[in-house]
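Report on one structure; see the data block that follows.
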Amino acid sequence: MTQVNLLPPELRAREVTRRLTSVVVIVGVIVLGLIGLFYFFQVMNLSRARDDLAAQEGVNRQLQAQVNDLQRFQALQDQLEAKQELVSSVFVDEVSWSTVLVDISQVIPSEAYLTSLTGSISAGAPTPATGGATLIGNMSFTGVVMQTDPLASWLTRLEQVDGWVNAWMNSATEDAPFSRIYTFSSGIDLSLDAATRRGKGLP
């Protein structure tokens with residue numbers, strides 16, 4: 001059966017235009033909705049990114065504070081090490097003079113006594129000596145002895161003390177003719193073995 005459109009051409013054109021306009025409007029609304037949805041997600045992503053950035057900046061501040069604390073502790077550690085090095089340098093080649101006096105009292109012959117004792121430690125580097133010893137200082141003695149035989153014993157006993165080497169006798173002068181009482185001058189070198197543990201750099 002044949003259909004016949006009785007509408008005038010003008011009305012048919014308006015109907016087509018109306019339908020096209022409706023389609024365009026609907027498409028436009030959909031596009032605007034998609035744009036709005038896309039903008040919404042972008043805003044959400046931007047907000048999350050800002051939150052993440054703020055959180056990371058907080059972590060960075062905490063890390064920087066920890067670094068600053070570590071740097072402060074490192075500075076204190078450096079100061080401590082510098083002071084320890086200074087203390088160590090002060091006590092290099094240290095000799096216990098109280099121990100020296102005890103040792104002298106044990107080795108001096110009963111026929112002799114000392115009138116003076118002078119001890120010194122090298123200000124510079126230790127001096128190598130014959131026999132492989134390293135000298136760090138020396139001691140000089142002046143004393144009085146009855147007869148000369150005890151002087152040989154005195155020199156021998158001096159070298160029996162650990163770290164005392166190269167004993168020598170400078171002079172032995174009789175106080176009066178036939179008095180058999182002599183004033184003597186002698187000395188001995190101190191090797192590194194005579195130093196305290198601290199003087200040797202040991203803990």
Side-chain angles (χ1 to χ4, degrees), residues 63 65-203:
L63 293 175
Q66 293 177 1
V67 169
N68 293 338
D69 289 339
L70 292 176
Q71 289 177 341
R72 179 169 59 86
F73 288 130
Q74 183 62 46
L76 293 175
Q77 180 66 28
D78 294 340
Q79 294 178 7
L80 177 60
E81 291 178 355
K83 290 180 179 179
Q84 288 176 338
E85 291 179 359
L86 178 60
V87 170
S88 298
S89 65
V90 168
F91 291 108
V92 168
D93 300 335
E94 177 193 47
V95 172
S96 173
W97 295 110
S98 60
T99 302
V100 166
L101 294 177
V102 173
D103 290 336
I104 290 175
S105 68
Q106 293 175 347
V107 300
I108 190 168
S110 59
E111 301 89 348
Y113 64 89
L114 296 181
T115 58
S116 69
L117 183 158
T118 302
S120 64
I121 300 299
S122 302
T127 304
T130 57
T134 300
L135 302 184
I136 61 172
N138 58 67
M139 292 187 294
S140 299
F141 312 98
T142 301
V144 177
V145 62
M146 183 175 295
Q147 302 184 1
T148 57
D149 292 341
L151 293 178
S153 176
W154 163 245
L155 295 179
T156 300
R157 291 180 180 181
L158 284 175
E159 292 190 348
Q160 291 175 349
V161 179
D162 190 27
W164 296 11
V165 296
N166 307 329
W168 70 83
M169 180 66 62
N170 288 326
S171 63
T173 305
E174 192 173 13
D175 290 353
F178 308 110
S179 65
R180 303 171 68 182
I181 297 176
Y182 294 82
T183 297
F184 68 90
S185 173
S186 63
I188 194 162
D189 290 323
L190 299 176
S191 73
L192 188 58
D193 291 335
T196 62
R197 290 182 59 85
R198 184 169 55 182
K200 296 174 183 177
L202 298 175

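By convention here, the first residue in the shown sequence is residue 1.
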Which of T115, L114, I108 passes side chain to side chain contact (heavy atoms under 4.5 Å, CB included) with F141? Answer is L114
Separation between CD1 (I188) and CD (E159), nearest 0.5 Å, reads 5.5 Å
Interatomic distance, CG@D175 vs OH@Y182, rounded to 0.5 Å, equals 9.5 Å
The reported gap from CZ in R180 to OG1 in T148 (rounded to nearest 0.5 angstrom) is 9.0 Å
I'd like to know whether CE of M146 has more than 12 heavy-atom contacts from other residues, nucleotides or ligands below 6.0 angstrom. no
Polar contact flag, side-chain donor to acceptor under 3.5 angstrom, N166-W168: no
field: Derivation and outcome, side chain to side chain contact (heavy atoms under 4.5 Å, CB included), residues F184 and V144
entry: CA-CA 6 Å; F184 68 90; V144 177; 5.6 Å; no
OG of S171 to CG of L151, rounded to nearest 0.5 Å, is 10.0 Å
Closest non-hydrogen contact found for M139 with L190 is CE-CD2, 3.8 Å
Hey, are the side chains of V161 and V100 touching, using non-hydrogen atoms and a 4.5 Å cut-off?
no
Sub-3.5 Å donor-acceptor pair from the side chain of S122 to the main-chain atoms of I136, do we have one?
yes
Taking the side chain as everything from C-beta on, heavy atoms only, tell me whether W154 gets closer than 4.5 Å to V145. no
| query | So, does S191 use its side chain to make a donor-acceptor pair with the main chain of G163 at under 3.5 Å? | reply | yes
Interatomic distance, CG@L158 vs CG@D189, rounded to 0.5 Å, equals 11.5 Å
Exercise for the section: Taking the side chain as every heavy atom from C-beta outward, state whether L155 and M169 have any pair of such atoms under 4.5 Å apart. Expected result: yes
Here the gap from D103 atom CG to D162 atom CG, rounded to the nearest 0.5 Å, amounts to 9.0 Å
* Is there a side-chain contact between V165 and D193 (heavy atoms, below 4.5 Å)? -> no
